[in-house]
Amino acid sequence: MCGVVGIVGKSDVNVGLYDALTMLQHRGQDAAGIMTCKDGRINQRKDVGLVRDVFHTRHMARLEGSMGIGHVRYPTAGSSGPALSQPFYVNSPYGICLAHNGNLTNAEDLMKHLFMSDLRHVNTDSDSEVLLNIFAHELQLQGKMKPEPNDVFSTIKRVHRRCQGAYAAVGMIASYGVFAFRDPHGIRPLVFGTRETPAGTEYMVASESVALDVLGFKLVRDVAPGEGIYIDVDGHFHSAQCADQSELVPCIFEHVYFARPDSIIDDIAVYKCRLRMGEKLAEKILAINPDHDIDVIIPVPDTSRVSAQSMAEVLGVKFREGFMKNRYIGRTFIMPGQKERKRSVRQKLNPVKLEFQGKNVMLVDDSIVRGTTSREIIQMARDAGANKVYMASAAPPVRYPNVYGIDMPSAKELVAHGHTVEEVAEIIGADWLVYQDLEDLIESAREGNSAIKRFDCAVFNGEYITGDVDEHYLHNLASERNDSAKMAREGQSRPEVVGLHNSGSGVH
């Protein structure tokens, strides 16, 4: 899960790209990058770290050009490091750069074909670089001195036929324009909008609508599954359906956890969806335990706050902010090693003891993944003087790994995998645990857009919608994602890779 943005403007877009990336920072905290184009020259700055740390005044001054793309990275396929910062760049044909959110499930086969058939070299283990080279190869086959919109769309059609998995991508062709496309299932989000200026219409593509809002762009619509769009350097907009077959099957975990509540994704208001999730969870509690003794509902900051508020209203129970959050600590479920996650939870949250002392507390979280965070938070509540500690998850039990761009742990490291709800409650130390029903979660999202017939719910039900994920794939994925493998990669020194990174402003 990453954040992507592209702008075609009437003046320099560097500051706009920077501001958009800060609004998408929640989608990736590992690395950030921007590439712009002026007079046929692509300028770049990318590195590991948060947006505010990667871009300084001297970098922004060199990012000249009226069109550009940006990316915030969250490690999915591949490891972490400067060489994996995006956007990626290839010089042939034309000079193309690309930023990608998602995960290609057939990346290993594609990488082999790129070398054996397309005679292209991929310098990292990132599937995003694979996607860029696939696009570049197919565009080169068009054989044009200047690419036209139909050439771009023909290229995207060929990309769809070769690539499997999830991909929402934004790219730029030097001197010519910005393109974007979404996989035929629309698993990862992608929207676009316009802004009117005295010089003409400007266009912006982004992972979430909130990035458009902050820059004054008007949301036009989502990029449709399988659709390609192309805005040329003069600001002319083109679009075409590029998939032989397409169906919108978006990832429901965007609404559970990743997306900002003030975003609108696939015509679903994330805030409203989370309100409905809380209401349905409260109704379940009343159905199974009408005589509950909950004194106070406390959210686990921040993603669960909206659901906890509506849950408290339906139950007629006080809502209180019982944990104060240190906003300088990253998301914990992606951290390797139980010890590291445990320490991070204690640094991240501190209880307001008066809200816990002598009370039966219902803690509400958006989801429970490894269980490490839940166990630590429940113990913190007890240490703060809670009489009983209940836990509610606004999402169903997470029992299967995600293969479409979320670096969840291997199945055996998911606390709900192979365990009953009662067993999970015992593991995390809760007096009572209640999960959202999958049907209620789906209905909470679908109420915002009844045209969506189904969602990608693989982390809950193990049904992978692309149809190419088998036990062999999951076994290989588990070997890459387990804690021991991650910690081994963290300890590796790869100077030969890091040395290839260009953190300056020019790619020529």
Self-check item: Evaluation steps, side-chain hydrogen bond (donor to acceptor under 3.5 Å, both in side chains), between Gln86 and Ser128
Solution: CA-CA 8 Å; Gln86 294 189 38; Ser128 301; 2.8 Å; yes

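- A salt bridge does not link Lys453 with Glu247: none of the charged nitrogens is closer than 4.0 Å to a carboxylate oxygen.
- When atom types are taken as modelled, the side chain of Arg27 and the backbone of Ala259 share no donor-acceptor pair closer than 3.5 angstrom.
- Lys284 and Asp437 are joined by a salt bridge, as a carboxylate oxygen and a charged side-chain nitrogen come within less than 4.0 angstrom of each other.
- The CZ atom of Arg161 sits 14.0 Å away from atom CD1 of Ile134, with the distance rounded to the nearest 0.5 Å.
- Asp30 contributes no side-chain N or O that, together with a main-chain N or O of Tyr74, makes up a donor-acceptor pair within less than 3.5 Å.
- One N or O on the side chain of Ser304 and one on the backbone of Val364 form a donor-acceptor pair closer than 3.5 Å.
- Going from atom SG of Cys251 over to atom CG of Asn402 covers 5.5 Å, rounded to the nearest 0.5 Å.
- Here the side chain of Asp183 pairs a donor or acceptor atom with the backbone of Tyr167 at under 3.5 angstrom.
- Listed here is the closest heavy atom pair of Asp47 and Pro82: OD1-CB, 4.1 Å.
- For His100 and Phe135, the ring centers sit 6.0 Å or farther from each other.
- Using a cutoff of 4.0 Å between basic side-chain nitrogens and carboxylate oxygens, Arg188 and Asp266 are not scored as salt-bridged.
- Residue Asn461 holds its CG atom at 4.0 Å from CD of Glu463, rounded to the nearest 0.5 Å.
- With Tyr404 contributing its side chain and Ile465 its backbone, the two residues share a donor-acceptor pair below 3.5 Å.
- Judged as a side chain to side chain donor-acceptor pair (under 3.5 Å), and not counting sequence neighbours, Gln436 has no contacts.
- Exactly one of Leu441, Val459, Ile268 qualifies for a side chain to side chain contact (heavy atoms under 4.5 Å, CB included) with Ile252. That residue is Leu441.
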Quiz item: Can Arg260 and Glu254 be said to form a salt bridge (charged side-chain N to carboxylate O under 4.0 Å, His left out), step by step?
Solution: CA-CA 9 Å; Arg260 279 180 51 133; Glu254 291 279 353; over 6 Å; no

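- Once rounded to the nearest 0.5 Å, the distance linking CG of Asp109 with NE2 of His113 reads 5.5 Å.
- For the ring-ring contact (aromatic ring centres under 6.0 Å, His included) criterion with Phe192, the lone passing option out of Phe217, Tyr230, Phe237 is Phe237.
- The side-chain heavy atoms of Val469 and Leu477, taken from C-beta on, include no pair separated by under 4.5 Å.
- Not a single side chain to side chain donor-acceptor pair (under 3.5 Å) links Ser209 to another residue, sequence neighbours left out.
- Residue Glu443 places its CD atom among more than 12 non-hydrogen atoms of other residues, nucleotides or ligands, all under 6.0 Å distant.
- Nearest heavy-atom pair, Ala445 versus Cys273, reported as atom, atom and distance to 0.1 Å: CA-SG, 3.7 Å.
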Quiz prompt | Working for side-chain contact (heavy atoms from CB on, under 4.5 Å), residues Cys163 and Leu131 | solution = CA-CA 8 Å; Cys163 297; Leu131 182 61; 3.8 Å; yes

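- Between Asn289 and Val434 there is no side-chain heavy-atom pair separated by less than 4.5 Å.
- At distances below 3.5 Å, at least one donor-acceptor pair connects side-chain atoms of Gln25 with backbone N or O atoms of Val51.
- Distance check, rounded to the nearest 0.5 Å: CD of Glu129 to CE of Met111 gives 7.5 Å.
- Val159 has its side chain within reach of Phe181: a pair of non-hydrogen atoms, C-beta onward, lies under 4.5 Å apart.
- Neither side chain, Gln309 nor Arg274, offers a donor N or O lying under 3.5 Å from an acceptor on the other.
- Considering all non-hydrogen atoms of both residues, Ala107 and Asp127 come closest at CB-CB, 3.8 Å.
- Tyr89 is listed as a side-chain neighbour of Met35, based on a closest heavy-atom distance under 4.5 Å.
- Shown here for Ser207 and Cys2, the closest heavy-atom pair between the two residues is OG-O, 3.9 Å.
- Using a 4.5 Å heavy-atom threshold, the side chains of Val191 and Glu208 count as separate.
- A distance of 10.5 Å separates CD1 of Ile231 from OG1 of Thr194, quoted to the nearest 0.5 Å.
- Side chains of Ile173 and Val178 form no contact here, defined as non-hydrogen atoms less than 4.5 Å apart.
- Checking side-chain atoms of Arg276 against main-chain N and O of Ser444 turns up a donor-acceptor pair under 3.5 Å.
- When every heavy atom of Cys97 is checked against every heavy atom of Leu132, the shortest pair comes out as C-CD1, 4.3 Å.
- The 12-atom threshold is exceeded at CD of Glu423, counting heavy atoms of other residues, nucleotides or ligands nearer than 6.0 Å.
- Judged by distance alone, with hydrogens and angles left aside, the side-chain atoms of Ser393 form no donor-acceptor pair with the main-chain N or O of Tyr435 at under 3.5 Å.
- Nearest heavy-atom pair across Leu275 and Ser310 is O-OG, 2.8 Å.
- With contacts defined as side-chain heavy-atom distances shorter than 4.5 Å, the pair Asp366/Met277 does not qualify.
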Quiz item: When you look at Leu363 and Ile378, which way does the side-chain contact (heavy atoms from CB on, under 4.5 Å) test go after all the steps?
Solution: CA-CA 8 Å; Leu363 303 178; Ile378 289 170; 4.1 Å; yes

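- Contact check on Arg221 versus Glu227 returns a salt bridge, with a Lys/Arg side-chain nitrogen under 4.0 Å from an Asp/Glu carboxylate oxygen.
- When the side chain to side chain donor-acceptor pair (under 3.5 Å) test is applied to Asp118, the partners found at least two apart in sequence or on another chain are His137, Arg162.
- The backbone N or O of Ser450 sits nowhere less than 3.5 Å from a side-chain atom of Arg446 that would complete a donor-acceptor pair.
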Exercise. Evaluate side-chain contact (heavy atoms from CB on, under 4.5 Å) for Ile69 paired with Val4, printing each intermediate quantity in order.
Key: CA-CA 7 Å; Ile69 65 174; Val4 300; over 6 Å; no

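- Between the Lys46 side chain and the Ser85 main chain, a donor and an acceptor come within less than 3.5 Å of each other.
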Quiz prompt | Full working for side-chain contact (heavy atoms from CB on, under 4.5 Å) between Asp213 and Asp262 | solution = CA-CA 10 Å; Asp213 297 339; Asp262 45 346; 5.8 Å; no

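- Within the 4.5 Å cutoff, the side chain of Val398 has heavy atoms near those of the Met408 side chain.
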